[in-house]
Number of protein chains: 2
Amino acid sequence: MKVTELAKEFGTTPDTVRYYTRLKLLNPAKSVNGYKSYSNKEVSRLKFILSARNLGFSVADIKEIINESEDGKSACPLVRSLIKERLEETEKQFQAMLALRGKMSSALSRWEEMEDKAPTANMVCHLIENFEQIKKA
Amino acid sequence: MKVTELAKEFGTTPDTVRYYTRLKLLNPAKSVNGYKSYSNKEVSRLKFILSARNLGFSVADIKEIINESEDGKSACPLVRSLIKERLEETEKQFQAMLALRGKMSSALSRWEEMEDKAPTANMVCHLIENFEQIKKA
DNA sequence: TTTAAACCTGTGTGTAAGACACAGGTCAAG
DNA sequence: CTTGACCTGTGTCTTACACACAGGTTTAAA
């Protein structure tokens with residue numbers, strides 16, 4: 001299988017496949033003409049990678065998981081521990097986005113009934129600069 | 001004012017100040033010794049930048065806003081239009097994170113009562129690979 | 001068989017928003 | 001005058017790919 005064929009097989013892009021290949025998550029043989037040739041093993045490997053990405057694992061995580069399994073060990077304990085970390089991070093980011101969304105939406109509605117103002121020497125836009133004060137130390 | 005002083009003034013890092021300076025959002029004079037010297041104007045400029053970042057504007061947005069205001073025009077219309085875009089993006093990302101969080105958390109709890117398995121030729125980790133099927137084309 | 005268009009290849013670089021590394025400069029205390 | 005602490009600018013690294021590009025391959029028509 002060539003790069004583009006493999007990518008289409010799972011609805012991803014050739015660039016993504018090439019990226020994983022550069023990181024040696026996939027290890028295709030070299031075809032006569034220098035093209036990369038992916039075997040069935042690579043196909044299921046890619047499927048695994050995409051599933052893991054879908055679940056929030058980083059590419060570095062995935063590399064670690066694969067290394068573990070190539071040592072013949074069960075990757076399950078590692079996988080459980082990693083997803084705990086990632087879930088915590090996701091939760092933090094989620095809360096941050098929740099707060100940001102609220103701020104943005106409140107700014108938007110407040111700004112719709114405020115007038116335009118020309119900039120001054122030390123004020124670029126009064127909408128932004130008066131919305132929330134950044135505290136000085 | 002030197003880089004570190006300015007950074008501390010607003011609870012940010014010298015690297016951040018240097019980054020904005022590289023992008024010419026801040027335009028310090030050069031001190032005799034080659035150090036950058038920030039005036040009062042730069043101080044309020046940084047405050048503006050941090051406020052805008054806080055509200056979800058990208059650094060590129062901020063550059064655009066500053067350019068507008070340096071042409072003497074009111075940046076308010078641009079600011080309103082930009083925040084609408086950014087809010088939409090944020091909303092999309094928010095929904096994506098919500099879904100991801102759900103998936104991760106359900107995976108975590110499901111995996112806690114599943115056994116470890118050794119890897120096989122075409123299976124790296126059954127927890128991940130059996131969680132959700134990636135569809136073939 | 002020749003040729004041309006369409007498609008594909010690998011490699012190299014660009015992206016956002018800073019964080020980090022590093023060799024050297026500056027400054028106060030002794 | 002020297003030490004040590006702190007600071008400086010510049011350059012590189014990060015994530016997870018997307019994009020650009022010069023050239024190779026394949027298919028179809030001529």
Side-chain angles (χ1 to χ4, degrees), chain A residues 1-38 42 45-46 48-66 82 85-86 89-90 92-93 96-97 100, chain B residues 1-38 42 46 48-66 82 85-86 89-90 92-93 96-97 100 134:
Chain A
M1 270 223 215
K2 283 181 282 181
V3 167
T4 302
E5 287 171 322
L6 179 54
K8 277 188 184 149
E9 184 86 3
F10 294 107
T12 185
T13 71
D15 280 319
T16 297
V17 172
R18 281 197 268 259
Y19 176 59
Y20 297 151
T21 304
R22 274 184 231 197
L23 297 185
K24 313 211 174 167
L25 297 182
L26 298 173
N27 301 294
K30 278 174 219 266
S31 211
V32 209
N33 49 16
Y35 287 9
K36 281 144 187 165
S37 170
Y38 297 85
E42 256 72 52
R45 178 65 70 87
L46 177 58
F48 165 72
I49 297 171
L50 295 175
S51 303
R53 292 285 301 126
N54 231 310
L55 275 165
F57 292 96
S58 72
V59 172
D61 289 341
I62 295 171
K63 181 150 205 184
E64 211 183 328
I65 294 168
I66 288 177
L82 283 174
E85 290 179 48
R86 298 298 157 257
E89 293 168 8
T90 300
K92 267 183 205 160
Q93 293 172 30
M97 293 214 54
L100 179 60
Chain B
M1 272 227 214
K2 284 181 283 182
V3 167
T4 303
E5 287 172 320
L6 179 56
K8 277 188 185 151
E9 185 86 3
F10 293 107
T12 185
T13 71
D15 280 321
T16 298
V17 172
R18 280 196 268 260
Y19 177 59
Y20 296 154
T21 304
R22 273 183 232 198
L23 297 185
K24 311 214 175 167
L25 296 182
L26 297 173
N27 301 294
K30 279 176 217 267
S31 211
V32 208
N33 48 17
Y35 287 9
K36 279 144 187 167
S37 170
Y38 297 85
E42 257 73 50
L46 177 58
F48 166 72
I49 297 172
L50 295 174
S51 303
R53 292 285 299 127
N54 231 310
L55 275 165
F57 292 96
S58 73
V59 172
D61 289 342
I62 295 171
K63 182 149 207 186
E64 212 183 329
I65 294 169
I66 288 177
L82 283 174
E85 289 179 49
R86 297 301 158 252
E89 293 169 9
T90 300
K92 266 183 207 161
Q93 293 173 30
M97 294 215 51
L100 179 59
I134 295 274

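A donor-acceptor contact closer than 3.5 angstrom links the side chains of B:D61 and B:S58.
Each of B:P14 and B:R22 has a nearest nucleotide on DNA chain D; the 5'-most of these lies closest to B:P14. If B:K2 and B:A60 are placed on DNA chain C by their nearest nucleotide, the residue sitting closer to the 5' end is B:A60.
Between A:L23 atom CG and D:dT14 atom P the separation is 11 Å, expressed in whole Å. Distance, A:D61 CG to D:dT15 P: 11 Å, rounded to whole Å. Atom CD of A:E89 is separated from atom C1' of D:dT15 by 13 Å (rounded to the nearest Å). Atom OH of A:Y35 and atom P of D:dG24 are 9 Å apart (whole Å). For the pair B:N33 CG and D:dT10 P, the computed distance is 13 Å after rounding to whole Å. Rounded to an integer number of Å, the gap from OH of B:Y19 to P of D:dT14 is 17 Å.
Each of D:dA18, C:dG18, C:dT9 was ranked by its minimum atom distance to the side chain of B:V59; first place goes to C:dG18. Among the nucleotides D:dA16, C:dC8, C:dC20, the one closest to the side chain of A:R53 is D:dA16. Side-chain atoms of A:T4 lie closest to C:dC8 of the nucleotides C:dC8, D:dA16, C:dG18.
Between D:dG9 and B:R18, a contact under 4.0 Å exists linking OP1 or OP2 to a side-chain N or O. For the pair B:K63 and C:dA16, the criterion of a side-chain N or O lying under 4.0 Å from OP1 or OP2 is not met. Residue B:Y20 has no polar side-chain atom (N or O) positioned under 4.0 Å from OP1 or OP2 of C:dA17. Checking the phosphate oxygens (OP1, OP2) of C:dA19, a side-chain nitrogen or oxygen of B:T13 falls inside 4.0 Å. Dashed line: the shortest gap from a side-chain N or O of B:K36 to OP1 or OP2 of D:dT10 is under 4.0 Å.
Summarising the geometry, atom OG1 belonging to B:T13 is positioned 12.0 Å from atom OH belonging to B:Y19; distances are rounded to the nearest 0.5 Å.
Between A:F48 and A:I66, some side-chain heavy-atom pair lies under the 4.5 Å cut-off. A heavy-atom distance below 4.5 Å is found between the side chains of B:L26 and B:I49.
Between A:R86 and A:E89, at least one side-chain nitrogen of the basic residue sits less than 4.0 Å from a carboxylate oxygen of the acidic one, meeting the salt-bridge criterion.
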